[in-house]
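Just below is one structure, and these are the notes that go with it.
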Amino acid sequence: MPASVVLGAQWGDEGKGKITDLFSESADLVVRYQGGNNAGHTIVVDGERFALSLIPSGVLYPNVTPVIGNGCVVDPRVLLEEMDALSARGIDPSRVRISGNAHLIMPYHRKLDAVMERYLGKQQIGTTKRGIGPAYMDKYSRFGIRVQDLFDPKIFRQKLDVAIKDKNKQLTKVYNQLPLDADEIAEEYLGYADRILDHVTDTSLLIWEALRDERQVLFEGAQGTLLDIDHGTYPFVTSSNPTAGGVSTGAGIGPKAIDRVVGVTKAYISRVGTGPFPTELHDEIGEQMVQIGGEYGVVTGRRRRCGWLDAVALRYAVRVNGLTDIALTKLDVLSHFETIKIAIAYDSLGERYTEFPRQQRVLYNCIPVYEEHEGWQVDITGVRSFAELPEAARRYVLRIEELAGVPITTISVGPGREATFHRP
Ligand code: GDP
Ligand code: IMO
Ligand code: MG
């Protein structure tokens, strides 16, 4: 098996960190291909909790080389803090490899992210305010500063001087903010160079060599399918491509290298920030999902909006990613409910939709068509095989599988590494 992908099939926070960690046991390289420290991936090992934002979830295994690909945006301060935090817990971050072509998140990106959101008022996206969108904007407008620029102070300063002129105009004239000081930024960022230099390499070549030598490469998506800039619920999305197509461009490998694409989906669904969400629950059940599922953002601490599993959206994720199989997480959270629902279609503006609608107006007016399933209402956190699950839980899993059209090969019943089983 050359390369596998683990990515989110919903609006993020599906449990990608946990599933990536599990699959990392047999991986040589674990590669992030998009996003930045807007991601918050949680791994729980022997009761110890790790929350990673930028460094791939494979880092906990000493055999793994964690790679931050060219498609990512890197806030160097956050990167170093995360490496230090890992070191302090006895995990060696010296193995982390970073693409010199990845773009830097600059202080003006963070500031612009915050003020642009304020400017949008009621239309705001509810971003993580980590500067992700503005950093990708600069990448595409070719104003970006890349990781490799840190090692050439003259070029860094030239690029910074061009960018800062434009950014300070925006900050002061459009958003009524104080300008930022280029000297201060240069001093801070060039000060990071020494510590980052040893980690920077041609990651595309590194991955290619691993594939050539038949070593295992695992790609870890951040965010999720419905937050994809092209395939998500635009404009309430992130600024990169978490979907499978993003792997090729974001890591610099050909699409034929990938032969497995695992979509991580919760047994229900959640979303942070604003934007359409057909199965959102505003009632006591939604509140219970938040409380029982611990649905608070890893990065921003925001309460996640929760609702029943949306099979229309899941089928869409299967299609746009070419999912080969599904990892189903947080099945244990549903143990508390007497009745469990799955949305199998939407009604909107007088029509029934069984495919995910691409028109914003249709999506906003969607009323889910639910089918109801009997709950199991017993604790399943100790279950370690499909056969051990209560019959109602097995039926629920099999129904999701049938609706998705691809097998559910991994089931997670608790946050810990051990609370998982595979289905052949
Ligand atoms: P990610 O961004 O996709 O990696 O997901 P997050 O880490 O943001 O959110 C998932 C949360 O659910 C974390 O707190 C995990 O520890 C937790 N989690 C993962 N799988 C399970 C599971 O099967 N059951 C329960 N109860 N919690 C889980
Ligand atoms: P992981 O990898 C859930 C959401 C934000 C906002 C939108 C745009 O942990 O699943 P951004 O800061 O990216 O410009 O914000 O995307 N968002 C996430 N939601 N999980 C994430 O990451 C997210 N990363 C961004 O809440 O709605
Ligand atoms: Mg998360």
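Just follow the structure's listing: the first ligand is 1, and inside any ligand the first atom is 1. Since the structure is predicted, the reported quantities are computational estimates derived from the model, not experimental observations. Starting from 1, each residue takes its place in the sequence as its number. Heavy atoms only: backbone and side chains are in, while hydrogens, waters and symmetry mates are out.
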Please work out, at 4.0 Å between heavy atoms, whether the side chain, the backbone, both, or neither of Arg302 comes within that distance of ligand 2. side chain

One residue to check: Arg130. Relative to ligand 2, which of side chain, backbone, both or neither has a non-hydrogen atom less than 4.0 Å away? neither

Near [X], which atoms of ligand 2 are under 4.0 Å from a heavy atom of that residue?
| X | value |
| --- | --- |
| Trp11 | 3 (C), 19 (N) |
| Ala222 | 2 (O) |
| Gly273 | 27 (O) |
| Gly126 | 5 (C), 6 (C), 26 (O), 27 (O) |

Lys/Arg N to Asp/Glu carboxylate O, [X] vs [Y], below 4.0 Å:
| X | Y | value |
| --- | --- | --- |
| Arg130 | Asp75 | no |
| Glu295 | Arg305 | no |
| Arg195 | Asp84 | yes |
| Arg395 | Glu374 | yes |
| Asp46 | Arg417 | no |

Looking only at atom types and distance, does a side-chain atom of [X] sit under 3.5 Å from a main-chain N or O of [Y], one as donor and one as acceptor?
| X | Y | value |
| --- | --- | --- |
| Glu14 | Gln10 | yes |
| Glu402 | Ile400 | no |
| Glu371 | Ile344 | no |
| Thr279 | Trp308 | yes |
| Ser335 | Gln377 | no |
| Arg95 | His199 | no |

Should one rank [options] by closest heavy-atom distance to [atom], which comes out on top?
| atom | options | value |
| --- | --- | --- |
| atom 17 (N) of ligand 2 | Asn38, Ile125, Leu227, Leu52 | Leu227 |
| atom 14 (O) of ligand 2 | Val272, Thr127, Thr42 | Thr127 |
| atom 7 (C) of ligand 2 | Asp13, Ile132, Val299, Val237 | Val237 |

Regarding ligand 2, does [X] bring an N or O atom to under 3.5 Å of one of the ligand's N or O atoms?
| X | value |
| --- | --- |
| Ser239 | no |
| His41 | yes |
| Thr274 | no |

Any idea which protein heavy atom is nearest [atom], and the distance to it?
| atom | answer |
| --- | --- |
| atom 13 (O) of ligand 2 | Thr238 OG1, 2.6 Å |
| atom 12 (O) of ligand 2 | Thr128 OG1, 2.6 Å |
| atom 23 (C) of ligand 2 | Gln223 CG, 3.7 Å |

Contact summary for Tyr364 and Pro276, nearest pair of heavy atoms: OH-CD, 3.6 Å

With a cut-off of under 6.0 Å to the ring centre and 45° to the axis, is [X] in cation-pi contact with [Y]?
| X | Y | answer |
| --- | --- | --- |
| Arg423 | Phe386 | yes |
| Lys159 | Phe143 | no |
| Arg315 | Phe356 | no |

Which protein N or O atoms sit under 3.5 Å from any N or O of ligand 1? Give atom names and distances.
residue: ligand 1; atom: 2 (O); partner: Asp13; partner atom: OD1; Å: 3.3
residue: ligand 1; atom: 2 (O); partner: Gly40; partner atom: O; Å: 2.8
residue: ligand 1; atom: 3 (O); partner: Glu14; partner atom: N; Å: 3.1
residue: ligand 1; atom: 3 (O); partner: Gly15; partner atom: N; Å: 2.8
residue: ligand 1; atom: 3 (O); partner: Lys16; partner atom: N; Å: 2.7
residue: ligand 1; atom: 3 (O); partner: Lys16; partner atom: NZ; Å: 2.9
residue: ligand 1; atom: 4 (O); partner: Lys16; partner atom: N; Å: 3.3
residue: ligand 1; atom: 4 (O); partner: Gly17; partner atom: N; Å: 2.8
residue: ligand 1; atom: 5 (O); partner: Gly15; partner atom: N; Å: 3.3
residue: ligand 1; atom: 7 (O); partner: Thr42; partner atom: N; Å: 2.9
residue: ligand 1; atom: 7 (O); partner: Thr42; partner atom: OG1; Å: 2.5
residue: ligand 1; atom: 8 (O); partner: Asp13; partner atom: OD1; Å: 2.9
residue: ligand 1; atom: 8 (O); partner: Gly40; partner atom: O; Å: 2.9
residue: ligand 1; atom: 8 (O); partner: Arg304; partner atom: NH2; Å: 3.0
residue: ligand 1; atom: 12 (O); partner: Lys330; partner atom: NZ; Å: 2.9
residue: ligand 1; atom: 23 (O); partner: Lys330; partner atom: N; Å: 2.9
residue: ligand 1; atom: 23 (O); partner: Ser412; partner atom: O; Å: 3.1
residue: ligand 1; atom: 23 (O); partner: Ser412; partner atom: OG; Å: 2.5
residue: ligand 1; atom: 23 (O); partner: Gly414; partner atom: N; Å: 3.1
residue: ligand 1; atom: 23 (O); partner: Gly414; partner atom: O; Å: 3.4
residue: ligand 1; atom: 24 (N); partner: Asp332; partner atom: OD1; Å: 2.8
residue: ligand 1; atom: 24 (N); partner: Asp332; partner atom: OD2; Å: 3.4
residue: ligand 1; atom: 24 (N); partner: Gly414; partner atom: N; Å: 3.3
residue: ligand 1; atom: 26 (N); partner: Asp332; partner atom: OD2; Å: 2.7

Can you classify the ring geometry of Phe23 versus His422 as parallel (below 30°), tilted (30 to 60°) or perpendicular (above 60°)? tilted

Can Gly8 be said to touch ligand 2, with heavy atoms closer than 4.0 Å? no

Can Lys16 be said to touch ligand 2, with heavy atoms closer than 4.0 Å? yes

What protein N/O/S atoms are found closer than 2.8 Å to the Mg ion (ligand 3)? Asp13 OD1, Gly40 O

So, do Trp376 and Phe337 have ring centers that fall under 6.0 Å from each other? no

For Glu48, does the CD atom have more than 12 heavy-atom neighbours from other residues, nucleotides or ligands under 6.0 Å away? yes

